[in-house]
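In what follows, residues are counted from 1 in the order of the sequence shown.
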Amino acid sequence: MKVVEISGGVTATLRVKSTDKTFQPAPAREEEVVLVRSGDQTLLRYGDRVWSVEGVVPSDTTQLTDVVVSGLPVVAYVAKAAADVLVIETRRFTQELRIAEPTQIGLDDKVMDDVRRSHQVGGTAADVAGWLEDRLFVPPAPGEPAALRRMVISGDARGRLDYFRVHGLKVAADVRRVDSKLRIERVIRGGMSNRPRLMLVYAPVSIIDATLAAELHGAVRTTLSEAVAGSDSYLR
């Protein structure tokens, strides 16, 4: 799933201009960028290029500053690019989680068969797992380790600490912790029927055969449970 395909979160459209040099070469449309605050200025980073930016008009600057200093995790990408002005789309989430340990989510035969039947996915078990990974996980953020994928999750409306939902591209996966392992319980279409509090998770995460999935590290179990307990979400 590309950054532009993430749904949910608090959205904001920012019109920015450089305070010192033109955007040459300008980032391409849909390319991910990073916005950070440094002292009294806002920096926009794309690859190895960095620009100091401000809003095109004062109201744009106010909105830009609100996003950057909010303290919330943000993803941003280019919606429109020119040498003098960029239009940046952003999504903010309620919390950021970072998991360093490898995190495997198990896929059993029942769920695999459901995915094959409901979503017309063929191939081997690895092919089905790859199909789900392509739709549920976002590639690493700029400057992050290659293994550190991202996923957008919400917790359980019933307050169960061993359940959470991964929101992806036109599908969502309900995940449960069973005997210290994560396992997909079901895959549904859409998956964003209301406005849950969404968390952005950074983790070396993968989907594999449920019989091969490793147990979660104790610290990972604690981190996920605490995050899910604090979310106001749904899993029905």
Would you sort out whether Val166 and Val175 count as a side-chain contact (heavy atoms from CB on, under 4.5 Å), showing the intermediate values?
-> CA-CA 7 Å; Val166 183; Val175 178; 4.0 Å; yes

Kindly compute the distance separating OG1 (Thr103) from CG (Leu182), expressed to the nearest 0.5 Å.
-> 7.0 Å

Under a 4.5 Å cut-off applied to non-hydrogen side-chain atoms, are Ile184 and Arg186 in contact?
-> no

Dump the intermediate steps for side-chain contact (heavy atoms from CB on, under 4.5 Å) on Leu200 and Val152, then the final yes or no.
-> CA-CA 5 Å; Leu200 184 63; Val152 177; 4.1 Å; yes

Between His167 and Ser154: side-chain donor-acceptor atoms closer than 3.5 Å | yes

Going hydrophobic residue to hydrophobic residue with side-chain gaps under 4.5 angstrom, can you get from Val205 over to Val187?
-> yes

Closest heavy-atom contact between Gly8 and Phe93?
-> O-CE2, 4.3 Å

Gap separating the CG atom of Leu132 from the CE atom of Met1, nearest 0.5 angstrom = 12.0 Å

Do Glu185 and Arg183 come within less than 4.5 Å of each other through their side chains, counting heavy atoms only?
-> yes

Okay, side chain of Gln104, backbone of Ala214: is any donor-acceptor separation there less than 3.5 Å?
-> yes

Would you mind reporting whether Leu35 and Thr90 have side-chain heavy atoms less than 4.5 Å apart?
-> yes

Where is the tightest heavy-atom contact between Arg116 and Gly122, given as atom of each residue plus distance?
-> NH1-C, 3.8 Å

From Asp162 CG over to Ser180 OG, what is the distance, rounded to the nearest 0.5 angstrom?
-> 11.0 Å

Do we get Arg149 above Phe137's six-membered ring, with its NZ or CZ under 6.0 Å from the centre and within 45° of the axis?
-> no

Distance-only donor-acceptor pairs under 3.5 Å for side chains of residues 10-20, two or more places apart:
from: Thr13; atom 1: OG1; to: Glu89; atom 2: OE1; distance (Å): 2.9
from: Thr13; atom 1: OG1; to: Glu89; atom 2: OE2; distance (Å): 2.9
from: Arg15; atom 1: NE; to: Asp60; atom 2: OD2; distance (Å): 3.3
from: Arg15; atom 1: NH2; to: Asp60; atom 2: OD2; distance (Å): 2.9
from: Ser18; atom 1: OG; to: Asp20; atom 2: N; distance (Å): 3.2
from: Ser18; atom 1: OG; to: Asp20; atom 2: OD1; distance (Å): 2.9
from: Ser18; atom 1: OG; to: Lys21; atom 2: N; distance (Å): 3.0
from: Ser18; atom 1: OG; to: Lys21; atom 2: O; distance (Å): 2.4
from: Thr19; atom 1: OG1; to: Ser52; atom 2: O; distance (Å): 3.3
from: Thr19; atom 1: OG1; to: Ser52; atom 2: OG; distance (Å): 2.9

Under the side-chain contact (heavy atoms from CB on, under 4.5 Å) criterion, do Val53 and Leu64 qualify, and how do the steps go?
-> CA-CA 9 Å; Val53 296; Leu64 171 65; 4.2 Å; yes

Going from CD1 on Ile105 to CG on Leu136, what distance comes out if it is rounded to the nearest 0.5 angstrom?
-> 7.5 Å

Would you say Val121 and Met112 make side-chain contact, with heavy atoms under 4.5 Å?
-> no

Charged N to carboxylate O below 4.0 Å: is that the case for Glu32 and Arg150?
-> yes

Is the side chain of Thr94 donor-acceptor paired with the backbone N or O of Leu198 at a distance under 3.5 Å, no angle test?
-> yes

Tell me, do Val138 and Val3 make a side-chain contact under 4.5 Å, heavy atoms counted?
-> yes

Treating Ile, Leu, Val, Met, Phe, Trp and Tyr as nodes and any side-chain heavy-atom pair under 4.5 angstrom as an edge, say whether Tyr163 and Val178 lie in one connected cluster.
-> no

Is it the case that one hydrophobic cluster holds both Val87 and Leu43, taking links as side-chain heavy atoms less than 4.5 Å apart, direct or via other members?
-> no

Is Asp66 reaching over with its side chain to a backbone N or O of Gln63, donor-acceptor style, under 3.5 angstrom?
-> no

Nearest heavy atoms of Ala146 and Pro140, plus distance in Å = O-CG, 3.1 Å

For the pair Asp114 and Arg117, find out whether any cationic side-chain nitrogen is under 4.0 Å from an anionic carboxylate oxygen.
-> yes

Could Glu5 and Lys170 be called an ion pair, given the rule that one side-chain N must be under 4.0 Å from one carboxylate O?
-> no

Between Arg98 and Glu96, is there a salt bridge with N-O shorter than 4.0 Å?
-> yes

Can you check whether Val33 reaches Ile88 side chain to side chain, under 4.5 Å on heavy atoms?
-> yes

Of the non-hydrogen atoms in Leu107 and Val111, which two are nearest, and what is the gap between them?
-> CD1-CG1, 3.6 Å

Does Arg49 reach the main-chain N or O of Arg45 with its side chain, forming a donor-acceptor pair under 3.5 Å?
-> no

Is Ser38 reaching over with its side chain to a backbone N or O of Gln41, donor-acceptor style, under 3.5 angstrom?
-> no

Which word best sums up how the rings of Trp51 and Phe23 line up, parallel for under 30°, tilted for 30 to 60°, or perpendicular for over 60°?
-> perpendicular

Closest approach of Arg37 to Thr42 (non-hydrogen atoms, all atoms of both residues) = NH1-OG1, 2.7 Å

Ile207 CD1 to Glu133 CD distance, which is reported to the nearest 0.5 Å = 5.0 Å

Closest non-hydrogen contact found for Ala100 with Pro204 is O-CG, 3.5 Å

Distance (rounded to the nearest 0.5 Å) between Asp134 CG and Lys2 NZ | 11.5 Å

Asp179 side-chain N/O to Lys181 backbone N/O, donor-acceptor pair under 3.5 Å | no

Is it true that Arg177 and Glu215 have a side-chain N and a carboxylate O under 4.0 angstrom from each other?
-> no

Using distance only, find each side-chain donor-acceptor pair of residues 68-81 under 3.5 Å and give its atom names and separation, not counting sequence neighbours.
from: Ser70; atom 1: OG; to: Val67; atom 2: O; distance (Å): 3.0
from: Ser70; atom 1: OG; to: Leu72; atom 2: N; distance (Å): 3.2

